[in-house]
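Take this structure first; my questions come after.
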Amino acid sequence: MSTPAAQVARPEPPKRSGAATALGWILTIGLNVVAPIITYNLLTEDHGWSEFSALLLSSAWPVLDSVISLAWRRKLDEFAVVTLVFLVITAVVSLVGAHSARALLIKDSGVTGLFGLLCLGTLLAPRPLMFYFGRKFATDGTPESTAWWNGLWQYEGFRTTMNRMTLVWGVAYVIEAIVRVVLAFTLPTKTMVVVSPIMIYAVLGALGVWTAMYGKRSQAEGERRAAEAEAAEAAATT
């Protein structure tokens, strides 16, 4: 018995609300990126706070984002939770060991390496980390668009895409952390201070480009298979 095409083809995303999307992005970027950075810099540079204390206070912004999400949409914002976890990891790493220039460079590698391990660890969870990142950026947070994204999990191709993206991000950041630790011990500190941030943004940019290209390719492949299944179903009925 052939599989009905309606069970193979993925549903189209609902029409997104421009106002809801814009407001969601403003809140997300403002509370999870801009506000923590400004708070951290003000506390450490202008008020003499320790890195640990400044990072802990900066983590209050993602918590606020989660509270707003719960009050507004009646659901927890996983992106804010991941941001909070990342800030806590950074704060904990800042407490470990000496505070020489080389040690600080190694600690930066520890943060990205732990994030990579977090990605790999979520492969054992019901949903991998990139599923939640994708939902954050592919939807406007409304119940309709969220339900559409959640419903895609039933398709094997979609599950494979999310798992593979998470695997690649996890492995890439673990390797990046290892390479930066090795370079921290082999290159002069003055050189590594320049190389380290370049590596961070280069890896992030490369992963972003690959994720966008792979996502489009996977979507096109899914649409092709759906079209073939629909054509086969039409031929079978005639």
Side-chain angles (χ1 to χ4, degrees), residues 28-29 31-34 36-37 40 51-52 54-56 58-59 61-62 65-66 77-97 99-138 158-187 189 191-218:
T28 296
I29 301 301
L31 295 178
N32 289 282
V33 180
V34 178
I37 291 175
Y40 174 81
E51 291 182 349
F52 178 79
L55 284 167
L56 282 186
S58 299
S59 66
W61 294 109
D65 189 24
S66 296
D77 190 333
E78 295 86 0
F79 185 84
V81 172
V82 171
T83 302
L84 177 60
V85 170
F86 192 79
L87 287 171
V88 171
I89 289 175
T90 306
V92 172
V93 170
S94 70
L95 288 177
V96 178
H99 288 75
S100 65
R102 191 180 303 277
L104 290 175
L105 290 171
I106 295 173
K107 289 177 182 180
D108 288 342
S109 303
V111 172
T112 56
L114 287 173
F115 178 75
L117 293 177
L118 175 64
C119 289
L120 298 177
T122 61
L123 292 173
L124 303 176
R127 301 285 192 277
L129 186 59
M130 287 301 137
F131 171 84
Y132 299 106
F133 273 26
R135 188 171 67 185
K136 182 67 179 179
F137 295 111
F158 181 80
R159 295 195 300 271
T160 300
T161 298
M162 293 297 103
N163 284 318
R164 189 165 295 168
M165 284 181 176
T166 305
L167 176 64
V168 169
W169 276 70
V171 171
Y173 269 114
V174 169
I175 292 176
E176 183 263 1
I178 294 173
V179 170
R180 280 205 293 147
V181 168
V182 172
L183 291 178
F185 281 105
T186 56
L187 295 179
T189 301
T191 302
M192 194 57 197
V193 167
V194 177
V195 172
S196 183
I198 292 177
M199 286 186 62
I200 292 174
Y201 290 110
V203 171
L204 178 60
L207 285 172
V209 171
W210 175 84
T211 299
M213 294 177 61
Y214 177 67
K216 290 181 179 179
R217 187 169 67 249
S218 298

### Query
Is the Tyr173 ring parallel, tilted or perpendicular to the Trp169 ring (thresholds 30°, 60°)?
tilted
### Message
I want to check something: taking the side chain as every heavy atom from C-beta on, are Met130 and Phe133 in contact at a cut-off of under 4.5 Å?
### Response
yes
### Task
Report yes if the side chains of Leu123 and Leu120 come closer than 4.5 Å at any heavy-atom pair, otherwise no.
yes
### Query
Is any side-chain heavy atom of Leu114 closer than 4.5 Å to a side-chain heavy atom of Leu117?
yes
#### Entry: From Thr211 atom OG1 to Leu204 atom CG, the distance as rounded to the nearest 0.5 Å
9.5 Å
### Message
Can you give me the closest heavy-atom contact between Thr122 and Leu129, atom names plus distance?
### Response
OG1-N, 3.0 Å
### Close side-chain approach of Phe131 to Met165, heavy-atom, < 4.5 Å
no
### Task
To the nearest 0.5 angstrom, please state how far the CE atom of Met162 sits from the CZ atom of Arg127.
11.5 Å
### Query
At their closest point, which heavy atom of Met199 faces which heavy atom of Glu176, and how far apart are they?
CE-O, 4.2 Å
### Query
So, for Ala177 and Ser109, which heavy atoms are closest and what is the spacing to 0.1 Å?
CB-O, 3.1 Å
### Query
For the residue pair Pro128 and Asn163, what are the closest heavy atoms and their distance?
CG-OD1, 3.4 Å
### Query
Can you tell me if Arg164 and Ser218 form a side-chain donor-acceptor pair at under 3.5 Å?
no
